[in-house]
J.: 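Could you have a look at this structure, given as structure tokens, before my questions?
Letters A, B, ... are given to chains in the order of the sequence lines, protein chains preceding strands, and every chain is numbered from 1.
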Amino acid sequence: MPSVKSTPTPTNEQQLVLRAVRRDAAAYGMLYETHLDRVYRYVYFRVGSTVEAEDLTEHVFLKAWEAIERYEDRGIPFIAWLYRLAHNLVVDHYRARRPTMPLEDVAEAEEPGANTLDSVENEIDAEEVRVAVRKLSPEHQQLIVLRFVEGMSHAEVAQITGKTEGATRVVQYRALQSLARVMQGERETSKSGRR
Amino acid sequence: MGDANLLAVSLGELEQTGWNLDDYLTIRKDLSDSVVLGLLAATRIRREPRPVPSDEFRRRARSSFVFLVQEQAVSRLTISPPTLVQRIRRFLVGPVLGPVAAVVLATSGAGIGLASERAHPGSPLYPAKIGIERLEQFAAVLPAEQARVRLSIAATRLAEADSELKSGNATGARVLLGQVDAEIEAAHGIVAAHGLDNSGPVNVGRQIAALSTTRDSVLAGVETKRLAAESPDRPSRNISDPAKLAEVTSPSVDPKVSPPLATAVVERVEQQSPPTTVAASASRTQPPVVEKATGAASIERGVRLSRLLIVQVQAGDGASAMATARDFADTVHELAVSETGVREVLRQERSSLAACLPTAPPSTRDALQVALSSIDSVLGDGAAEPHSDSTSKIPTNERISMDTAVTPASVSPKDGSRSKKRMAGPTRDLPGVDRSSIPLPEVLGISIVLGPPPVAPPVSISPEEARPSGHEANGGPPVDWFATRTNTFELTQASSLAAKRPLSHNDSRRIHPKPHRKVAKAHGPLKRPAEHLAGVLKVTHPGLSTVSYSMADPAKLSVEQTPVVGLFDKIPRL
């Protein structure tokens with residue numbers, strides 16, 4: 001599981017955040033360097049496209065810089081604030097985006113002479129898992145990514161989402177059940193589509 | 001215990017076992033189906049490869065952020081839309097109405113003046129403060145008074161720069177220092193143009209010297225902050241000693257550089273407007289006047305020109321730096337170098353200029369060479385330390401700290417799928433640009449790496465890694481074809497592709513859906529995984545022009561990174 005505590009140390013990060021709040025671009029730059037990967041990963045699992053993930057990640061840090069003066073240290077890590085911004089941007093992104101044809105349908109439509117290798121598809125591959133995650137509700141997506149991609153604890157997820165730990169566990173249960181159902185449905189669809 | 005809590009506890013236990021689900025379920029046969037389902041889903045997610053942002057994206061986002069920060073820093077210091085004071089100024093045409101303006105200032109403007117006197121950049125009264133300064137300039141009729149006003153404004157800017165530096169705004173401090181230089185230069189121009197006597201009540205020379213000394217200390221503070229931000233683990237050093245400047249600014253090498261990024265940064269810099277620092281613009285609009293007189297005034301002028309040159313070099317303004325360097329050279333040649341004090345001053349200035357050479361932008365190095373050569377030619381006793389052309393020492397893969405305020409060009413999206421809200425940043429693919437003569441933008445605490453692309457070694461896939469057409473799991477390590485978007489094609493092992501199925505068109509879909517269909521259309525059904533992947537790679541990675549596979553052993557695939565020769569080279573079918 002990836003390390004939950006990111007460098008710099010909390011004390012150093014607090015100092016960097018304090019400087020960044022005073023519009024110290026160099027300090028904010030260091031925070032950017034520290035948290036870029038995590039925010040990108042989080043956004044990527046939510047949107048599933050490298051192009052969109054890059055766009056949204058850039059906007060997360062842009063919005064964070066614009067709002068940094070209003071940031072208040074409430075005892076939660078700075079990355080939690082970034083995750084909240086990222087979550088809101090992803091939600092807005094989904095609302096604004098036109099519905100697109102699922103990639104599987106597009107690929108199937110244009111391959112009349114499908115490769116025989118595809119017909120043997122039985123297992124869930126990585127792409128199907130990401131597609132399944134994106135079909136969850138935003139709340140479930142957020143929890144799945146924070147808990148099982150970023151490796152955060154229940155307490156940390158609770159800080160980010162603003163819920164109690166108990167509520168986080170319940171959401172986790174529901175999210176995993178939904179994910180399992182979606183993945184199972186995806187598997188059955190791909191099997192029937194290739195026959 | 002409810003299922004939600006039981007699932008949470010089970011996940012904690014599973015994590016402690018290293019996510020070995022099979023063994024855990026063997027032990028915990030008491031778990032309900034819903035909990036087992038949750039554990040399965042969680043384990044599945046855990047096995048997903050973690051995507052990493054490409055280096056190209058990192059640099060592009062970084063550049064966009066730097067541009068935004070600089071733009072905001074400059075906008076905090078510019079004058080807001082015309083205030084009442086400024087509108088009054090517009091009615092005052094020429095020095096004839098100067099006394100009238102002074103009366104207006106003394107009466108109705110006094111209240112504004114008192115309130116705005118302590119205003120700092122960004123405060124609401126700062127524009128009023130600037131406006132009053134402009135009015136004072138109008139009110140000054142005599143050249144001596146004009147020079148005094150200029151120096152007064154310079155002193156005010158210097159105090160503001162010091163204040164900004166103490167509050168942590170190094171960028172703002174740097175911009176204000178540029179304005180200080182502009183005002184000093186203007187005062188000096190007035191003195192030179194009117195032949196003012198420095199022994200009179202307005203001793204401009206002495207005031208300039210005092211301001212320059214203070215300015216240097218503030219600049220040293222700015223540089224110290226910048227270097228400390230770049231290397232937080234390094235102990236903070238006082239760089240007022242130029243000899244130590246080169247010591248703390250040592251280049252480092254980053255091997256991971258992609259050519260599109262290198263050329264993209266070059267293209268971005270080439271398209272941008274000339275640096276807009278106040279110092280640069282001021283020096284262009286008010287070229288320094290060459291003094292023919294010798295003595296203390298010439299030495300002072302030489303020292304000031306030397307320091308102005310350093311500022312212009314750091315700002316990356318090659319044209320202004322060259323003009324200043326030539327004036328400096330003329331001044332140096334007029335000095336009476338037979339005096340010991342003069343030689344000592346020249347040696348000190350020479351050290352300061354030489355210390356800037358390693359980190360100077362390429363466009364300003366010639367100017368530095370001119371200045372250094374002028375000093376060497378007049379000293380000529382061999383005591384001057386030889387200065388080398390640092391360009392020959394800087395490795396081609398260099399982490400460069402760049403200094404200028406720039407206006408990067410807006411970026412036209414590479415394809416229509418990009419969001420229109422993308423911030424301005426570097427574009428890609430500009431071959432044939434000579435980046436050695438182009439200034440580079442400043443990066444605050446963050447470096448942009450340039451250099452030629454690394455030569456990636458050929459990558460071979462063993463037969464165990466490439467699935468044979470038998471489509472049977474043979475226990476070999478699976479291969480993740482999810483390559484990054486850089487020129488380096490990386491093969492990583494992914495546990496999710498558990499060697500249970502052969503490669504398929506799906507493997508390319510995550511990168512870009514269209515080439516996936518192109519491959520199918522161009523090549524039709526492909527029977528061998530390696531051949532299929534070769535076709536996919538040719539489309540998804542145009543930089544990979546050499547993708548070969550052995551006819552004798554179709555499962556073996558060799559990939560080499562070479563310059564692009566064609567987007568869609570056909571490969572024979574089997």
J.: Counting heavy-atom pairs under 4.5 Å to chain A, which of Gly18(B), Gly12(B), Ala4(B) comes out on top?
T.: Ala4(B)
J.: Taking 4.0 angstrom as the limit, do Arg169(A) and Asp3(B) come out as a salt bridge?
T.: no
J.: Please work out which of the three classes, parallel, tilted or perpendicular, describes the rings of Phe57(B) and Tyr40(A), given edges at 30° and 60°.
T.: tilted
J.: Backbone N or O of Val52(B) within a donor-acceptor pair of the Arg41(A) side chain at under 3.5 Å?
T.: no
J.: Distance check, rounded to the nearest 0.5 Å: Arg62(B) atom CZ versus Glu33(A) atom CD?
T.: 4.5 Å
J.: Return the minimal non-hydrogen interatomic distance between Asp37(A) and Arg58(B), and the atom names on each side.
T.: OD1-NH2, 2.8 Å
J.: List the steps, then state whether side chain to side chain contact (heavy atoms under 4.5 Å, CB included) holds for Leu176(A) with Arg44(B).
T.: CA-CA 10 Å; Leu176(A) 287 172; Arg44(B) 192 64 189 84; over 6 Å; no
J.: Tell me, side chain or backbone of Phe45(A) under 4.5 Å from chain B's heavy atoms, or both, or neither?
T.: side chain
J.: Rounded to the nearest 0.5 Å, what's the gap from CZ on Arg174(A) to CG on Leu7(B)? Could you check?
T.: 12.5 Å
J.: Given the rule in the side chain to side chain contact (heavy atoms under 4.5 Å, CB included) test, do Thr43(B) and Phe148(A) qualify, once you have shown the distances and angles that lead to the verdict?
T.: CA-CA 8 Å; Thr43(B) 308; Phe148(A) 303 108; over 6 Å; no
J.: With a 4.5 angstrom heavy-atom cut-off, could you sort out which part of Leu11(B) is near chain A: side chain, backbone, both or neither?
T.: side chain
J.: Give, as side chain, backbone, both or neither, the part of Val133(A) having an atom under 4.5 angstrom from any heavy atom of chain B.
T.: side chain
J.: Any Lys/Arg nitrogen of Glu54(A) or Arg60(B) sitting under 4.0 Å from an Asp/Glu carboxylate oxygen of the other?
T.: yes
J.: Look up atom CD in Glu164(B) and atom CZ in Arg23(A), then write down how far apart they are to the nearest 0.5 Å.
T.: 12.5 Å
J.: What part of Leu40(B) is in contact with chain A, defined as an atom under 4.5 angstrom from a non-hydrogen atom: side chain, backbone, both or neither?
T.: neither
J.: If I take atom OH from residue Tyr173(A) and atom CG from residue Leu37(B), how far apart are they, to the nearest 0.5 angstrom?
T.: 8.5 Å
